[in-house]
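The structure appears right after this line, and notes come after that.
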Amino acid sequence: MAERVPDSAAGPGDDQEGLQEVLRLLHASRGIDFTGYKRSTLMRRISRRMAALNAPTYADYCDLLEVRPEEFARLLDSLLINVTGFFRDPAAWRVIADRVVPRILADKAPGAPIRVWSTGCATGEEAYTLAIILAEALGIPAFRNRVKIYATDVDEQALRTARTGVYGERRVQDVPERLRERFFEPAGTGYAFRRDLRRQVIFGRNDLTRDAPISRIDLLVLRNTLMYFNSETQRSVLRRIHFSLADSGYLFLGKAEMLVHHGSLFEPVDLRKRVFRKLPGAPPPERRQADPPPEEPAARLGAVRAAALAAGPVAQLAVDVDGNLVVANTRAQHLFGLSSTDIGRPFRDLEISYQPVELRSLIDQVRRTLRPQEVQGVRWRGPRWQADAGANPLILDISVVPLLDRASALVGFGISFADVTGGVRLREELEHANEELERAYQDVQSLNEELETTNEELQSTNEELETTNEELQSTNEELETMNEELRSTNDELQDINDALRVQTEELDHTRTFFESVWESLGHAALVLDDDLRVIVWSQGATELWGLRADEAQGRHLATLPIGLPTGDLLPDLRRMLRSPAPPERTAFGVDAVNRLGRSLRLAVDAVPLRKGPTNGGVILLVTRAGAVGAAASPPAGGDRQPDASPGAGGG
């Protein structure tokens, strides 16, 4: 592992040790090993979570994971990009429905079970799509009796959603309306896959990189999963998948995935739609034993033997135990310049005994050991009288064997000279050709490696683009969900605003109504609380005494700078407030001064303001003395009438 760069000097992408620590914590918490996933994708997705939490380094993010266990779920959801849908890439699913499923059914015996595996199923839309296609091909009764669909993933939360089989209206909009009506049932605001068919779809947890594969699978769907693994993990997963498939099983990959280096395991059915078929391992060819040669007849004529020896293509000599040449076939005579007169002569006197190789010593070794002796690759240009300086030499393999009789007694020595010139020449030419081929092969191999590297880079880039596309689609779905929530919140706020506007209008109407009431009750109207502080100050009171409502409200009646003798009124008002029984309204006649300083006679009518069983305040209605007389007689004592000057009452 590379040396860790200090956090202050390196970004998250440079800190491989920090990334490994994040993956270790995730493995310990959720039991998922991400070491076989592409590092570029892992770093990009983890960096997204780090940016959301304002964690600049992996060490900071590890600290957050330890103090916020709920972040593991968010990180896992970010790494396992659960982008799926019903009939995703419809053209590829048409190949499955129109070509693959009919072949599977044709290869199966009537009533034989059909096993399908959807790996990386996420929230289950892909598994239910398989169920719809098979149910359409078989019919509902046969589908229930024959089909088992295994749907696996490592994300337990996604599997829980898949098991319920309930999806929102936006999720099922890609299902044709005819199939939606046949295979889905209304469930609240969404749709639920038919319960009687859902039993044929079995959801479970399975990690392709570690867990044992499901066996005897007729159709295995592995879409947009391989592209998240590195090359080594992809090879391991494909070996497991090859084992998992039946001999005539089919493999369905995502549009960004290829089987570039696995032509011995799978053959393409539709390369553009990424549909492949398993190539079962071919058994080794049977070995047949050669028929035994027929038994040699018991008797052979000596002439036949002699003729066969003489006409043999290999030069052969025979020397008896006394060292005399006794046999030299035609090929040997021509090759070494021998004649019939040399037969019977001592072998040591002949040139052949030491040319082209020292044969006398070889014969002595055979005599001592009774074992054959061989000399290979001997070059020979022929006898001196035949030698041609420009001729190529012959290349001979010489062997000396002991000749034994039926009693295993040594009777002589057989010498053979096999002309291997052609073979050696061919071997040399073959070696030269092999060297040329080796150089060409190395050139081709180098070019092939470059092409494979380029292809792998293109494949990796394609997978990265598809991964990014799925990430963008996942983000888009999140934004759509947030948009729907914001739209719902906006509708609620609009309803609240409408209700507030109605209430405001009602309050304005009520205020206008009460203002009209106050104005109708007299020139001036005051409402006091149980502490005799002003609550309501009418416009008539403002015109009478020149004090605005905002200046009067909240102040005690006795502290108001108005020309009303409040000292005479306060005892009666307090007595009215303390009265346990509802008191009668009380009228007073008082001498007062208006806002212009002119004296006038006012009639003050006090009415208790009830608040439950007690008095909660007082309403004072102030009018000219003449107006009071209708409600109550003015007090005796010769009170004078209110001032009729223009400033009286209304100012």
Side-chain angles (χ1 to χ4, degrees), residues 500 503-595 597 599-637 639 642 648-651:
L500 289 175
Q503 292 179 2
T504 301
E505 292 175 355
E506 292 177 353
L507 289 174
D508 291 341
H509 178 73
T510 303
R511 184 170 61 252
T512 303
F513 173 75
F514 277 107
E515 288 177 354
S516 300
V517 171
W518 293 126
E519 294 301 326
S520 300
L521 290 175
H523 286 86
L526 290 74
V527 178
L528 308 177
D529 62 9
D530 53 0
D531 288 334
L532 298 180
R533 295 182 180 276
V534 176
I535 300 175
V536 176
W537 186 268
S538 71
Q539 182 62 29
T542 300
E543 294 175 355
L544 180 60
W545 289 299
L547 191 64
R548 297 192 308 272
D550 58 338
E551 297 174 336
Q553 288 174 350
R555 298 177 62 178
H556 196 278
L557 180 62
T559 65
L560 296 176
I562 59 176
L564 185 68
T566 57
D568 298 336
L569 299 176
L570 291 177
D572 293 330
L573 295 178
R574 291 192 179 98
R575 190 166 45 253
M576 179 182 292
L577 290 172
R578 290 194 299 268
S579 176
E584 298 293 336
R585 59 187 293 172
T586 304
F588 306 92
V590 296
D591 294 323
V593 179
N594 65 5
R595 62 185 179 88
S599 300
L600 70 162
R601 184 71 174 178
L602 298 178
V604 181
D605 197 359
V607 180
L609 181 64
R610 300 296 294 174
K611 185 178 181 182
T614 62
N615 296 325
V618 178
I619 301 174
L620 297 181
L621 302 177
V622 181
T623 60
R624 295 181 182 223
V628 178
S633 299
D639 292 339

Quick check: do Leu560 and Thr566 have side-chain heavy atoms less than 4.5 Å from each other?
no
Roughly how far, to the nearest 0.5 Å, is the CG atom of Leu569 from the CZ atom of Arg574?
11.0 Å
Could you report the tightest heavy-atom contact between Trp545 and Leu526, atom names first, then the distance?
CZ3-CD1, 4.4 Å
Any side-chain heavy atom of Asp591 sitting closer than 4.5 Å to one from Ser599?
no
Inter-residue atom distance Glu506.CD - Leu500.CG, 0.5 Å rounding
11.0 Å
Under the side chain to side chain contact (heavy atoms under 4.5 Å, CB included) test, which residues partner Asp529, sequence neighbours left out?
Asp531, Arg533, Ile535
Applying side-chain contact (heavy atoms from CB on, under 4.5 Å), run through Leu577 and Leu532 and close with a yes or a no.
CA-CA 9 Å; Leu577 290 172; Leu532 298 180; 3.7 Å; yes
Start with the C-alpha gap between Leu544 and Leu564, add the side-chain angles, then the distance that decides, and say whether side-chain contact (heavy atoms from CB on, under 4.5 Å) holds.
CA-CA 10 Å; Leu544 180 60; Leu564 185 68; over 6 Å; no
Provide the closest heavy-atom pair for Ser538 versus Ala525 in the form atom of the first, atom of the second, distance.
OG-N, 2.9 Å
Residues Leu528, Val534; criterion side-chain contact (heavy atoms from CB on, under 4.5 Å); working and verdict:
CA-CA 5 Å; Leu528 308 177; Val534 176; 3.8 Å; yes
Walk me through it: do Leu557 and Leu620 pass the test side-chain contact (heavy atoms from CB on, under 4.5 Å)?
CA-CA 11 Å; Leu557 180 62; Leu620 297 181; 4.1 Å; yes
Once you round to the nearest 0.5 Å, how far does CG of Leu600 lie from CG of Leu602?
4.0 Å
Pairs meeting criterion side-chain hydrogen bond (donor to acceptor under 3.5 Å, both in side chains) with involvement of residues 551-560, two or more places apart:
Arg548-Glu551
